[in-house]
Amino acid sequence: MGSEHLSARPGFVRNSMEATMKPVLQLSPMTCQRIREIDQVAMEQFQMPGIVLMENAGRGAAECIHQITPDGNVLILCGKGNNGGDGFTIARHLQLAGREVTILAMATTNELQGDAAIQAKIAEAAGIQIQVIGETDETELLSAADVIVDGLLGTGAKPPLRGRYAKVVEAANASSAIRIALDIPTGMNGDTGETGEATFRADYTLTFAAPKVGFEKSNATRFTGEVHVISIGVPLKLLRQFSS
Ligand SMILES: NC(=O)C1=CN([C@@H]2O[C@H](COP(=O)(O)OP(=O)(O)OC[C@H]3O[C@@H](n4cnc5c(N)ncnc54)[C@H](O)[C@@H]3O)[C@@H](O)[C@H]2O)[C@H](O)CC1
Ligand SMILES: [K+]
């Protein structure tokens with residue numbers, strides 16, 4: 001029996017957020033440095049390669065994006081670091097769910113390093129459309145998007161934005177698309193909540209592992225929008241080590 005008949009069967013659990021498991025332990029807000037310590041402990045003490053953390057982050061974020069915006073084309077802005085790597089990962093999972101996905105990358109794949117480079121190569125092999133800034137009409141891409149995902153900068157960046165990042169963020173803010181930030185709205189300091197003149201104004205922020213302390217600062221919600229915490233799949237024992 002083809003899968004298309006499965007959903008007709010009464011009691012069939014459709015793929016939805018309800019079907020996605022949530023950690024039993026929610027971590028309190030943390031600094032970016034503390035979050036990076038979670039990565040380090042996961043890799044060094046729990047033998048979890050970084051690419052596994054990124055795959056978990058990307059898949060969890062993709063499921064949430066598909067739940068928040070069940071249809072419409074998605075433009076994913078990918079920076080040069082692992083925040084961008086999350087974006088490449090998300091693109092594959094949204095494509096798998098049948099969504100129309102385009103990536104606007106701030107660098108070519110061979111300029112990327114580490115886990116981000118791996119995810120970008122997988123996305124390329126998967127045939128996902130990747131446009132590189134400066135080699136495409138980004139204004140056209142941004143104005144045509146129904147959903148814009150901000151995978152430009154995360155915990156590894158400190159404002160003010162350098163180079164073309166500010167222009168892309170301002171063009172995204174001017175669009176009528178639903179805006180979803182990955183981890184931290186680009187342009188915001190995750191520790192202080194301070195925002196520069198160009199800060200991604202998100203309707204939703206999907207933040208990894210734990211909320212960032214900066215999100216609690218005044219007027220931060222103007223840029224984070226509704227915050228959802230996305231699990232990166234580290235063991236409960238590790239979460240317990242980091243829960244205050
Ligand atoms: N444990 C977790 O939560 C996990 C988080 N993941 C994701 O990884 C990013 C952090 O990645 P990292 O490579 O350390 O840094 P970024 O991608 O945020 O940025 C680095 C990148 O940006 C350039 N840069 C720095 N400052 C600026 C600036 N002011 N203007 C322009 N460009 C800047 C810098 O040169 C680098 O190229 C985290 O946020 C999560 O999204 C993992 O995927 C999973 C585990
Ligand atoms: K971001």
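None of the values given here were measured: they were computed from a predicted structure. When reading the values below, keep in mind they use all heavy atoms of this one structure, side chains included, and skip hydrogens, waters and symmetry mates.
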Distance-minimising heavy-atom pair for Gly134 and Glu138
N-OE1, 3.7 Å
Side-chain heavy atoms of Arg92 within contact of Gln119, under 4.5 Å
yes
Can you check whether Arg201's main-chain N or O pairs, donor with acceptor, with Asn173's side chain at less than 3.5 Å?
yes
Test item: Ser175 side-chain N/O and Ala171 main-chain N/O as donor-acceptor pair under 3.5 Å:
no
Please answer: with hydrophobic residues joined when any side-chain heavy atoms are less than 4.5 Å apart, are Phe200 and Phe215 in the same cluster?
no
What I'd like to find out is whether the side chain of Leu182 reaches to under 4.5 Å of the side chain of Ile90, using heavy atoms alone.
yes
Would you compute the distance between atom CG of Asn83 and atom CG of Leu153 and round it to the nearest 0.5 angstrom?
6.5 Å
Under the 3.5 angstrom rule, does the side chain of Asp191 hit a backbone N or O of Thr31 as a donor-acceptor pair?
no
Would you check if the side chain of Arg36 reaches a backbone N or O of Thr155 as a donor-acceptor pair within less than 3.5 Å?
yes
Evaluate the side-chain contact (heavy atoms from CB on, under 4.5 Å) criterion for residues Leu53 and Asp115: first the C-alpha distance (whole Å), next the side-chain angles of each, then the deciding distance (0.1 Å), finally the verdict.
CA-CA 10 Å; Leu53 301 176; Asp115 297 337; over 6 Å; no
For the backbone of Val132 and the side chain of Thr136, can you confirm whether one donor and one acceptor N or O come within less than 3.5 Å of each other?
no
Candidate list Thr186, Leu104, Ile76, Leu161, test side chain to side chain contact (heavy atoms under 4.5 Å, CB included), partner Leu152, passing option:
Thr186
Donor-acceptor under 3.5 Å (Lys167 side chain, Tyr165 main chain)
no
Can a donor-acceptor pair be found, under 3.5 Å and without considering hydrogens, that links the side chain of Asp150 to the backbone of Ala181?
no
Which value, rounded to the nearest 0.5 Å, describes the distance between Glu63 atom CD and His228 atom NE2?
13.5 Å
Taking Asn73 for the side chain and Ala144 for the main chain, is one N or O donor matched with an acceptor at less than 3.5 Å?
yes
Spatial distance of atom SG (Cys78) from atom CD1 (Ile130) [nearest 0.5 Å]:
8.0 Å
Separation between CG (Leu141) and OG1 (Thr102), nearest 0.5 Å, reads 6.5 Å
Could Glu37 and Arg34 be called an ion pair, given the rule that one side-chain N must be under 4.0 Å from one carboxylate O?
yes
Please check if the side chain of Asp39 supplies one atom and the backbone of Gly50 the other of a donor-acceptor pair under 3.5 Å.
no
Nearest 0.5 Å, please: how far is CD in Gln131 from CG in Leu75?
9.0 Å
Any link between Met106 and Ile103 through a network of hydrophobic side chains (Ile, Leu, Val, Met, Phe, Trp, Tyr) touching at under 4.5 Å?
no
Please report the C-alpha distance between Thr69 and Arg99 in whole Å, then the side-chain angles of each, then the deciding distance to 0.1 Å, and finally whether the side-chain contact (heavy atoms from CB on, under 4.5 Å) criterion is met.
CA-CA 10 Å; Thr69 61; Arg99 300 295 292 272; 3.6 Å; yes
Ile180 CD1 to Asp203 CG distance, which is reported to the nearest 0.5 Å
7.5 Å
